[in-house]
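Okay, so here's the structure we're looking at.
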Amino acid sequence: MVAAIDHNYNTSAFREDSGWYFPRVKRDPGRFLQPCSASVRRWLRGLKENGKILLLITSSHSDYCRLVCDHILGKDFEDLFDVIITNALKPGFFSLIPQQRPFRTLVNDVEDSEGLPGLEKPGWYSQGNWPHLHDLLKKMTGRVEPRVVYFGDSMRSDMFPAFSFGKWETVMIVEEMEGEGVARANPAPSQPAEKKSKFEDQAMKTPSAASQQWGSYFVDVQRDEGGEERLRLTWCSHCIHTYSTMAIPSIEAIADLPLDYKFPRFSPDKPSTTGYYPRPPDTLLKREENQS
């Protein structure tokens with residue numbers, strides 16, 4: 001199993017056109033990738049125009065990142081970001097010290113063998129570490145403690161390490177919210193009809209649909225000795241409330257809002273439904289009603 005994963009996804013597989021995944025994505029990216037809506041691109045440009053520093057941090061290698069971003073954001077995607085970090089190897093990017101994981105420059109998508117002593121200017125880098133990025137952000141903002149809002153969809157690679165080591169504000173993208181009555185924004189106007197309904201056309205559940213076998217992602221239904229039903233937060237819910245500032249089903253859910261919009265935040269002093277935007281999942285609402 002490990003050998004198969006390495007064969008398909010090692011950092012040279014894209015360049016060598018090896019394995020079963022990368023060659024197919026390169027031939028037909030539209031089959032695997034869905035372009036971002038115009039509202040998301042406007043949102044990114046709006047942040048940049050309002051003086052915000054935009055970072056793109058991904059564990060994907062630079063060549064694959066370029067293919068994906070070209071398709072979903074457009075050929076000018078590099079203009080949207082001040083700093084792009086590929087092959088970040090999260091969560092180590094946040095937890096390891098600079099000597100263990102230095103930044104490296106790239107030449108034709110090949111990493112320089114010599115690590116950098118630090119980051120002197122914005123640009124595209126590979127690997128790296130949070131302390132050196134933090135130093136660069138201090139230079140760019142002129143602030144001793146620059147504030148960062150970090151968006152991610154992985155608890156292990158994004159939310160927990162960014163919150164625990166970086167002390168960043170964290171926004172978790174939780175697609176499972178869509179499976180519990182939380183609507184996302186309208187799809188991109190340019191999205192073809194067959195793409196919009198591919199799951200329905202193939203009689204498949206959408207990836208965010210609630211599991212009939214495992215139940216809700218957010219609430220576990222348990223019964224006590226007397227047979228009374230009790231709704232308890234799942235481990236996933238607990239982690240979201242602990243390590244995320246807020247949760248959304250997609251970037252599109254907030255892209256059309258004013259940049260100074262004030263969102264509800266997770267807090268141990270507030271109900272478990274507080275912190276989800278645009279609204280909490282159905283099972284959390286039901287649990288809250290049962291407790292009131």
Side-chain angles (χ1 to χ4, degrees), residues 1-9 19-21 24-25 31-34 59-60 68 90-91 151-163 170-187 191 193-253 266 268 271-292:
M1 180 66 74
V2 174
I5 293 173
D6 181 65
H7 174 69
N8 279 287
Y9 302 111
W20 293 279
Y21 178 69
R24 295 183 181 183
V25 175
R31 181 181 178 187
F32 301 91
L33 304 172
Q34 179 174 322
S59 291
S60 296
V68 172
K90 299 177 290 182
F151 292 75
D153 62 1
S154 169
M155 182 55 65
R156 174 184 178 274
S157 298
D158 297 317
M159 298 297 100
F160 174 77
F163 174 90
T170 51
V171 180
M172 187 165 186
I173 300 172
V174 186
E175 290 183 334
E176 287 80 4
M177 291 173 64
E178 295 180 51
E180 296 211 14
V182 183
R184 62 182 294 152
N186 293 328
Q191 189 178 336
E194 62 271 16
K195 186 80 172 184
K196 295 178 185 177
S197 59
K198 73 173 183 178
F199 294 107
E200 290 83 357
D201 289 349
Q202 298 175 21
M204 296 168 58
K205 288 184 178 180
T206 61
S208 59
S211 169
Q212 295 298 316
Q213 179 178 0
W214 301 106
S216 170
Y217 181 79
F218 304 95
V219 174
D220 185 33
V221 180
Q222 301 178 356
R223 295 186 182 278
D224 59 21
E225 294 180 355
E228 184 178 351
E229 187 177 276
R230 296 185 181 275
L231 302 179
R232 300 186 183 278
L233 295 180
T234 61
W235 178 82
C236 295
S237 276
H238 172 75
C239 289
I240 292 171
H241 300 166
T242 303
Y243 302 113
S244 305
T245 304
M246 57 177 289
I248 57 177
S250 69
I251 294 292
E252 290 175 327
F266 291 120
S272 61
T273 51
T274 304
Y276 291 94
Y277 184 88
R279 72 166 181 83
D282 289 340
T283 51
L284 282 176
L285 287 172
K286 180 180 178 182
R287 177 178 180 271
E288 197 67 27
E289 291 172 0
N290 289 353
Q291 290 183 335
S292 61

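Source: prediction; values computed, not measured. These values consider heavy atoms only, across backbone and side chains, with no hydrogens, waters or symmetry-generated copies.
How far CZ of R287 is from CG of L233: 3.5 Å, rounded to the nearest 0.5 Å. Atom CG of D282 and atom OG of S216 lie 9.0 Å apart (nearest 0.5 Å). The CD atom of E252 lies 10.5 Å from the CD1 atom of I173; values are rounded to the nearest 0.5 Å. To the nearest 0.5 Å, the span separating CE on M155 from OG1 on T170 amounts to 7.5 Å. Atom CD1 of residue I248 and atom CD of residue E178 lie 10.5 Å apart, to the nearest 0.5 angstrom. A distance of 10.0 Å separates OH in Y9 from CH2 in W20, rounded to the nearest 0.5 Å.
Closest approach of A247 to V174, counting heavy atoms only: CB-CG2, 4.0 Å. For the pair K90 and S157, the tightest heavy-atom approach, listed with the atom from each and the gap, is CB-O, 3.5 Å. Between G19 and H7, the closest heavy-atom pair is CA-NE2, 3.6 Å. The minimum heavy-atom distance linking S244 with M172 is given by the pair OG-CB, 3.6 Å. When all heavy atoms are compared, the tightest approach of S272 to F266 is O-CE2, 4.4 Å. Among all heavy-atom pairs drawn from P278 and P249, the shortest one is CD-CD, 3.9 Å.
The backbone N or O of D220 lies less than 3.5 Å from no partner atom in the side chain of T234, so there is not a single donor-acceptor pair. The main-chain N or O of A4 is found under 3.5 Å from a side-chain atom of N8 such that the two form a donor-acceptor pair. No donor-acceptor pair closer than 3.5 Å links the side chain of R24 to the backbone N or O of F32. Under a 3.5 Å cut-off, the side chain of D158 and the backbone N or O of D153 do form a donor-acceptor pair. Side chain of E180 to backbone of T283: a donor-acceptor contact under 3.5 angstrom is found.
Between M177 and Y217 there is no side-chain heavy-atom pair separated by less than 4.5 Å.
Residues satisfying the side chain to side chain donor-acceptor pair (under 3.5 Å) test with Y21, not counting sequence neighbours, are Y64. For T245, the side chain to side chain donor-acceptor pair (under 3.5 Å) partners two or more places apart in sequence, or in a different chain, are E169.
Every pair passing salt bridge (charged side-chain N to carboxylate O under 4.0 Å, His left out) that includes a residue from residues 230-239 is listed here, sequence neighbours excluded: D224-R230.
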Q: Check the pair V219, K286 against side-chain contact (heavy atoms from CB on, under 4.5 Å), reporting the backbone distance first and the verdict last.
A: CA-CA 9 Å; V219 174; K286 180 180 178 182; over 6 Å; no

Q) Going through the checks in order, is the side-chain contact (heavy atoms from CB on, under 4.5 Å) test met by L285 and R279? A) CA-CA 9 Å; L285 287 172; R279 72 166 181 83; 3.4 Å; yes

Q: In sequence, state the C-alpha distance, the side-chain angles, and the governing distance for Y276 and I240, and then conclude on side-chain contact (heavy atoms from CB on, under 4.5 Å).
A: CA-CA 10 Å; Y276 291 94; I240 292 171; 4.1 Å; yes

Q: Evaluate the side chain to side chain donor-acceptor pair (under 3.5 Å) criterion for residues Y243 and H238: first the C-alpha distance (whole Å), next the side-chain angles of each, then the deciding distance (0.1 Å), finally the verdict.
A: CA-CA 9 Å; Y243 302 113; H238 172 75; 6.0 Å; no

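With respect to P280, the side-chain contact (heavy atoms from CB on, under 4.5 Å) criterion is satisfied by exactly one of T273, T274, V182: T273.
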